[in-house]
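Below is one structure, written out as structure tokens; the observations come after it.
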Amino acid sequence: RRSVMAVDEDLFTFVRHALARGVDRAQIEEVLLDANWPATDVHCALRRFAVTDFPVPVPRPRPYLSAREAFLYLLLFSTLYYGATNLGVLLFQYIDLAFPNPDAPTGVAEAIPTTIRWAIASLVVALPIYVFLTWYTAKETRKDPTKRASKIRRWLTYLTLFVGAAILIGDLTTLIYNFLSDELTARFILKVLVVGVIAGAIFVYYLRDLRIDEKEDHV
């Protein structure tokens, strides 16, 4: 029984030999799919070789994980989560100021100004870092498109999509539950909208980014 690595090497070797013989990429893909190879593996194997008129298949550099790359993406996504959380906290406090909760425990209202100051301070620090890192990594990717295949970048992107989807599901569930319980208030609806808009915006942005990656994989 062949190992996964051996099977992958067989696939890459087949693609290399087929390209060397001048076989069209679409034809190579079709025959491999007919042979029941997974489409993702086929696309990956084809992407290993650059599209060029050179008579010999030209391999593309394989992505690898460096400590610098891990640091950049971990910091980028950490500031995203931190900034999004504090943006939500900030908006929640303004909603509580506009629509006070008469049943809130004593001292909650007095703590709102302190919470607002902390949330603003957090955004002042986290937001510029996130924007800069997003710009910087995008610039690096434009210079070297193979960086889009970064494993840690894709893992963190999928993790972000999972977290965003989970929050949206929980947000919608809470809304429906309170609706069925006849406990909808302006304060509650606004907070649900805040959570939905923040999580939804992040989800849509990174889903779009991931789809760009998938298109690149098919090139």
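FYI, side chains are in, hydrogens and waters are out, and symmetry mates aren't considered; it's all heavy atoms of this structure. Numbering starts at 1 and runs along the sequence shown.
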Checklist entry - Taking 4.0 angstrom as the limit, do Arg153 and Asp209 come out as a salt bridge? => result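 Looking at Asp209 together with Arg153, the answer is yes, because their closest N to O distance falls below 4.0 Å.
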
Between [X] and [Y], is there a shared hydrophobic cluster once you connect ILVMFWY residues whose side-chain heavy atoms come closer than 4.5 Å?
X: Val197; Y: Val204; result: no
X: Leu180; Y: Phe188; result: yes
X: Val58; Y: Phe49; result: no
X: Leu193; Y: Val89; result: no
X: Val56; Y: Val15; result: no

Look up atom [atom1] in [X] and atom [atom2] in [Y], then write down how far apart they are to the nearest 0.5 Å.
X: Ile28; Y: Leu11; atom1: CD1; atom2: CG; answer: 10.5 Å
X: Thr157; Y: Leu76; atom1: OG1; atom2: CG; answer: 9.0 Å
X: Glu140; Y: Trp135; atom1: CD; atom2: CH2; answer: 9.0 Å
X: Lys151; Y: Glu69; atom1: NZ; atom2: CD; answer: 10.5 Å
X: Arg187; Y: Ile95; atom1: CZ; atom2: CD1; answer: 9.5 Å
X: Leu46; Y: Leu19; atom1: CG; atom2: CG; answer: 6.5 Å

Item to check | Shortest non-hydrogen contact between Val194 and Gly88, atoms and distance | outcome: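 So the minimum-distance heavy-atom pair works out to CG1-CA, 4.2 Å.
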
Checklist entry - Under 30°, 30 to 60°, or over 60°: which ring-plane class applies to Tyr136 and Phe132, parallel, tilted or perpendicular? => result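 Rings of Tyr136 and Phe132: parallel, as their planes differ by under 30°.
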
[Y] and [X], any side-chain heavy atoms less than 4.5 Å apart:
X: Thr137; Y: Tyr73; value: yes
X: Leu32; Y: Phe14; value: yes
X: Ile120; Y: Arg117; value: no
X: Leu127; Y: Leu87; value: no
X: Leu75; Y: Tyr130; value: no
X: Leu90; Y: Ile116; value: yes
X: Arg16; Y: Pro57; value: yes

Item to check | Test side-chain hydrogen bond (donor to acceptor under 3.5 Å, both in side chains) applied to Thr160 and Tyr205, Tyr81, Tyr206, Trp155, the passing residue | outcome: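 For Thr160, the side-chain hydrogen bond (donor to acceptor under 3.5 Å, both in side chains) test succeeds with only one of Tyr205, Tyr81, Tyr206, Trp155, which is Tyr81.
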
Checklist entry - For Tyr82 and Ser122, what are the C-alpha separation, side-chain angles and deciding distance, and is it a side-chain hydrogen bond (donor to acceptor under 3.5 Å, both in side chains)? => result CA-CA 8 Å; Tyr82 186 64; Ser122 300; 2.9 Å; yes

Item to check | Audit row: Phe92, Val195, side-chain contact (heavy atoms from CB on, under 4.5 Å) steps and yes/no | outcome: CA-CA 9 Å; Phe92 271 32; Val195 173; 3.7 Å; yes

Next on the checklist: So does Phe54 get a backbone contact from the side chain of Thr52, meaning a donor-acceptor N/O pair under 3.5 Å?
Outcome noted: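 Pair found, side chain donor or acceptor close to backbone of Phe54.
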
